[in-house]
Amino acid sequence: MSREPYNHALIEEKWRDFWRERGFFKAKIHDTSRKFYYLNMFPYPSGKLHAGHGRNYILGDAIVRFLLMRGWNVLNPMGWDAFGLPAENAAIEQGVHPRDWTWQNIREFKRQFRAWGVEYDWDREIATCEPDYYKWTQWLFLKLYEKGLAYRAKGKVNWCPHCEVVLANEQVIGGRCWRCNSPVEKRELEQWYFKITAYAERLLRDLEKLDWPEHVKKMQENWIGRSEGAEVVFRAEAGQEIRVFTTRPDTLWGATFLVLAPEHPLVAELTAAERRAEVKAYQEATDRLTEVERTSTEKEKTGVFLGTYAINPVNGERIPIWIADYVLPGYGTGAIMGVPAHDERDFLFALKFGLPVIPVIAHPEGKAKAYVPAGSFPQELPRALASAGFSPREENGALFLEFSQEETDRVTDVLKEHLSSRGWAAVVGKGWQIVFAKETLNIGSVAEERKALIELQNRDPRFTSKRTVAEILWDVPFLRDLLFHAGFGTMVNSGPLSGTPGEEAFSQTVEWLSQKGFGKKTVSYKLRDWLISRQRYWGAPIPMIHCPRCGIVPVPEKDLPVRLPEVKRIGKLGLADIPEFISTTCPRCGGPARRDTDTMDTFVDSSWYYLRYISPKDDARPFDPELVNQWLPVDLYVGGVEHAILHLLYSRFITKFLYDLGLLSFDEPFKRLFTQGMVTYPAYWCPTHHWIPPKEVVEGNRCPKCGAELVVSVVAMSKSKKNVVSPDELIAQYGADTERLYTLFMGPPEKEIEWSEEGVRGCFRFLHRFWNLALSIIERAASAAGEPDPQNFGPKEWEIWGKLHATIKKVTEEFEGRLALNTAVAAIMELVNAVSEYLEDPKADAQLLRRALRDTILLLSPFTPFICEELWQRLGEGKAILETPWPAYDPKALEGGEVEIPVQINGKVRARLRVPRSLAKDQKALEELVLQSPAVREKLGEMKVVKVIAIPEKLVSLVAK
RNA sequence: GCGAAGGUGGCGGAACUGGUAGACGCGCUGGACUUAGGAUCCAGUGGCGAUGAGCCGUGCGGGUUCGAGUCCCGCCCUUCGCACCA
């Protein structure tokens with residue numbers, strides 16, 4: 001039988017404009033009774049879309065189509081994050097205006113959306129580069145300025161030498177530029193900041209309210225980086241107060257030096273005259289380091305002694321002040337106390353520079369060790385230890401002993417008694433003791449440490465080169481694991497707080513410190529203020545004016561927007577290159593003044609765009625507060641994880657700010673977040689010709705130009721690596737429906753996954769089969785009037801009927817729940833397979849067939865809207881799919897038919913019985929049935945059933961002997 | 001190093017609160033139709049057994065249970081994020 005073949009090109013072109021023309025995707029903005037705000041992260045329009053982008057937009061389109069059929073009034077807008085460097089770079093290179101370049105790309109994106117069948121409410125389209133949008137970005141800046149949350153400050157900033165632009169901390173990934181991956185440098189510049197740190201606590205606390213993926217919340221939590229500790233004031237001998245932040249105030253008695261960041265403002269003052277040159281040289285060397293170099297943990301510790309001292313308030317200890325680049329200027333107070341016994345970095349620093357180590361926390365596991373070097377003891381010592389109940393190990397003439405901390409005094413007593421007159425021993429665990437004949441020295445202060453060192457040097461000439469007791473002990477591998485630890489444990493050598501157990505150490509010390517006025521409990525955050533100035537043309541100008549008389553003056557709201565000047569060519573300096581832009585008059589005094597020449601970080605543009613969609617054309621205000629408060633927060637926000645910190649943190653901050661202004665009634669913008677995974681594809685690298693498109697690769701993974709063997713890596717699709725799959729080609733060959741179906745079928749949408757051409761063909765084949773099935777059913781049963789009647793069903797019909805309803809249930813639940821649409825597609829495929837098989841039966845129930853097809857078309861329509869709309873029309877349903885309610889499942893349909901019940905005997909499946917579902921639901925009856933079953937009896941043989949576990953509708957498990 | 005997620009066929013991946021492991025798709029094998037097919041359709045496909053019965057199988061080792069991919073304890077490995085943050 002020859003049948004009309006599936007012609008995707010024809011079908012898709014036929015329906016491409018249908019949904020838009022019928023207005024199905026236009027939100028009814030004033031009717032919020034059944035509102036649903038669905039939002040995809042808006043794209044940066046760079047070039048063309050590739051198949052990887054589909055993960056985001058096709059998923060969104062499917063969800064929205066589902067929601068529409070469920071009767072939601074869906075707001076589903078789209079816009080353009082249209083400011084940014086690539087446009088400007090393209091402009092500089094090709095001489096086109098960034099706006100033209102951007103809008104050309106936008107047209108391309110829109111063409112591709114249409115080809116995909118991805119629809120939006122285009123009446124709400126926004127572009128952040130247009131004055132009617134950035135006017136309000138500037139307004140936002142002014143509001144922040146008014147509230148003291150936008151400020152200008154001089155300081156070391158992150159500078160990308162490649163992009164020639166400053167970066168916010170969030171835009172530095174592992175010390176490199178987020179955009180171009182160049183190592184980031186430091187520059188001293190005066191820049192604008194937003195005070196996001198004022199919201200640190202709320203940004204952290206409110207994460208709890210969000211229905212977001214746990215790992216995204218965790219990333220934000222880590223980024224905000226709250227830690228509780230104490231600020232302690234040390235006083236320099238010259239009188240200056242040095243504030244130090246520590247999370248371990250309980251180790252305060254072990255501080256043997258202070259370290260300031262090289263950038264610390266007190267450094268100059270605290271430097272002794274004779275050390276000025278060295279200190280200055282070190283500061284300059286630090287400045288030259290890139291972020292990667294400075295923060296590499298592999299790097300050996302460096303630092304310089306300032307030549308002056310401070311006093312530890314808790315014990316009066318006089319300790320040297322150093323600077324070192326491992327102390328960062330922006331965190332805590334930019335100064336730390338060095339507690340080498342209980343902080344790994346401080347320990348390495350002390351070991352390198354010969355600074356004493358004083359243990360003040362007993363080893364948490366209660367372990368202790370003793371070491372007696374060769375020649376330090378007579379033969380009776382091992383015997384004496386043995387008779388005291390210890391079991392020392394003797395090796396190469398030295399003695400090694402492990403014991404528990406409570407036994408420390410007994411051990412030192414025995415050692416003291418039996419050491420030879422010039423011998424010594426070390427006991428570590430509950431602090432450190434150096435034992436000599438007749439004397440035990442506890443290392444509990446710097447003075448004691450010095451004394452012990454001298455005594456040791458007196459006894460062993462090899463120690464004269466050692467600067468600290470720690471160095472001597474570190475040379476004994478046996479002792480190493482107890483010389484340094486960062487755990488909580490009983491405080492020792494800590495004056496009045498000695499003996500405080502680990503669990504209370506922190507709180508007791510903090511209380512004691514504040515009583516004494518030495519310090520107080522504080523909270524520190526890793527989060528820094530958001531640096532928003534960018535030295536570029538293609539962004540929203542910062543609406544500020546620098547007046548020689550009045551200082552910094554904001555542009556009055558009525559003068560907004562501060563427009564980007566229209567220029568033919570853009571210079572490398574951006575706005576600073578354009579004198580006409582710079583010169584202006586001061587709004588306060590009317591005198592000549594200069595405009596700020598920086599533009600804002602594009603993340604400012606995108607930090608509020610979800611509000612603008614509600615009233616995109618309002619030129620009197622940024623958004624309509626009443627409508628915004630009804631539509632927001634966004635019900636479901638879908639985008640890539642790469643924004644887990646950047647965009648999502650900034651948006652939360654801005655929302656909270658606008659909430660505080662009283663303009664919003666909600667303080668979190670995105671109620672639920674879903675992050676889709678990236679799509680990967682092999683990328684081929686030739687050492688001479690760089691990235692080679694996969695299609696051009698010659699057999700045997702060789703370069704088409706030079707034949708060299710290529711390096712293959714499977715990475716996220718990107719234009720720069722030339723490993724993109726083009727939707728245009730896919731659509732030409734297989735159709736948009738096939739691409740959509742495969743995109744949603746290839747795996748769980750949140751996971752990263754590799755694109756597979758074979759997988760695409762599988763989906764193409766499925767659509768063929770579905771097409772053929774549908775035409776057969778239409779031929780046979782299109783006119784079958786009325787609904788199927790379960791009264792007339794045989795077992796086959798029940799099976800189809802049950803499967804149909806189970807599929808409806810499954811697909812509905814996936815859309816409404818975890819969005820694992822891959823499993824929804826699989827379920828629909830199963831249904832189609834089952835119906836195909838049923839269709840073989842010439843006596844198949846026509847009403848049932850028709851109903852099954854009808855519902856299958858509806859279920860599949862969010863995934864493959866073109867073919868479904870076509871078949872829907874051919875089936876003769878009057879309305880469009882999007883005007884038709886989503887099918888509902890009937891719980892009763894799930895209860896008919898038969899189920900297969902496996903029977904386990906002693907844990908192994910030994911038989912399977914087909915049981916009517918009604919019977920299988922009844923535990924007693926099921927039990928009975930199984931025990932009567934000949935198949936089961938045969939398997940049981942001689943065995944006796946001891947126990948029966950019958951789980952209705954699932955299985956029966958027999959225990960037999 | 002810290003934090004999180006995850007290890008299931010040749011591959012992508014299914015398996016809800018412990019209840020038939022491997023759904024669905026790819027690939028592969030055989031067949032049909034064809035001048036031909038990398039097109040389409042049909043059948044088979046975790047491993048070991050001869051087609052049987054059966055045995056073994058969800059990273060490894062233990063445990064709980066009638067029953068464990070799923071729960072508990074101890075390891076190994078992978079991926080991602082953070083990482084000199086005091």
By the 4.0 Å heavy-atom rule, please label E754(A) as base, sugar-phosphate, or nothing.
nothing

Nearest-angstrom distance from the residue atom NZ of K217(A) to C1' of G3(B):
16 Å

Roughly how many Å is it from CG in L831(A) to P in C24(B), rounded to a whole number?
12 Å

Is G57(B) syn or is it anti, if syn means the base angle is within 90 degrees of 0?
anti

Once you apply a heavy-atom cut-off of 4.0 Å, does V946(A) come out as touching a base, just sugar-phosphate, or nothing?
nothing

Is G49(B) in the syn range, within 90° of 0, or in the anti range?
syn

Criterion ring pair (Phe, Tyr, Trp, His ring centres under 6.0 Å) on F674(A) and W212(A), from CA distance to verdict:
CA-CA 7 Å; F674(A) 185 87; W212(A) 284 21; over 10 Å; no

Considering only A83(B), G25(B), G13(B), which nucleotide approaches the side chain of W223(A) most closely?
A83(B)

Kindly say whether, by distance alone, the side chain of K218(A) makes a donor-acceptor pair under 3.5 Å with the base of C82(B)?
no

Check every strand shown and say whether G225(A) touches a base, only sugar-phosphate, or nothing at a heavy-atom separation below 4.0 Å.
nothing

Under a plain distance cut-off of 3.5 Å, with no hydrogens placed, do S227(A) and Y525(A) share a side-chain donor-acceptor pair?
no

Between C76(B) and U29(B), how far apart are the two P atoms, rounded to whole Å?
41 Å

Indicate, with a heavy-atom threshold strictly under 4.0 Å, whether D325(A) touches base, sugar-phosphate, or nothing.
base

Rounded C1' spacing from C60(B) to U8(B) in Å
15 Å

Stem ranges for RNA chain B, with three or more consecutive Watson-Crick or G-U pairs under 3.5 Å?
B:1-7 with B:76-82, B:10-12 with B:24-26, B:27-32 with B:40-45, B:46-48 with B:54-56, B:59-63 with B:71-75

Do we get K526(A) above Y331(A)'s six-membered ring, with its NZ or CZ under 6.0 Å from the centre and within 45° of the axis?
no

With a cut-off of 6.0 Å (strictly less than), are more than 12 heavy atoms of other residues, nucleotides or ligands near CD of E221(A)?
yes

Between G13(B), A15(B), A21(B), which nucleotide has the shortest distance from any of its atoms to the side chain of K810(A)?
A15(B)

Nearest nucleotide by nearest heavy atom, which residue falls closer to the 5' end of RNA chain B, E758(A) or G907(A)?
E758(A)

Specify the separation, in whole Å, of atom CD1 of I173(A) and atom P of G81(B).
9 Å

Should K954(A) and P902(A) count as side-chain neighbours, where that means a heavy-atom distance under 4.5 Å?
no

G25(B) C1' sits how many Å from E830(A) CD, rounded?
11 Å

Between A14(B), C24(B), G81(B), which nucleotide has the shortest distance from any of its atoms to the side chain of P748(A)?
A14(B)

Walking RNA chain B from its 5' end, the first of L955(A) and M746(A) to be reached, judged by nearest nucleotide, is M746(A)

Shorter than 3.5 Å, N or O on both sides, protein versus nucleotides 39-42 of chain B: list them out with atom names.
| unit_1 | atom_1 | unit_2 | atom_2 | d |
| --- | --- | --- | --- | --- |
| U40(B) | OP2 | R765(A) | NH1 | 3.4 |

Mind calculating the distance between CG (L328(A)) and P (A83(B)) to the nearest angstrom?
11 Å

So that I know where these two stand, are F488(A) and F506(A) an aromatic pair - ring centroids less than 6.0 Å apart?
no

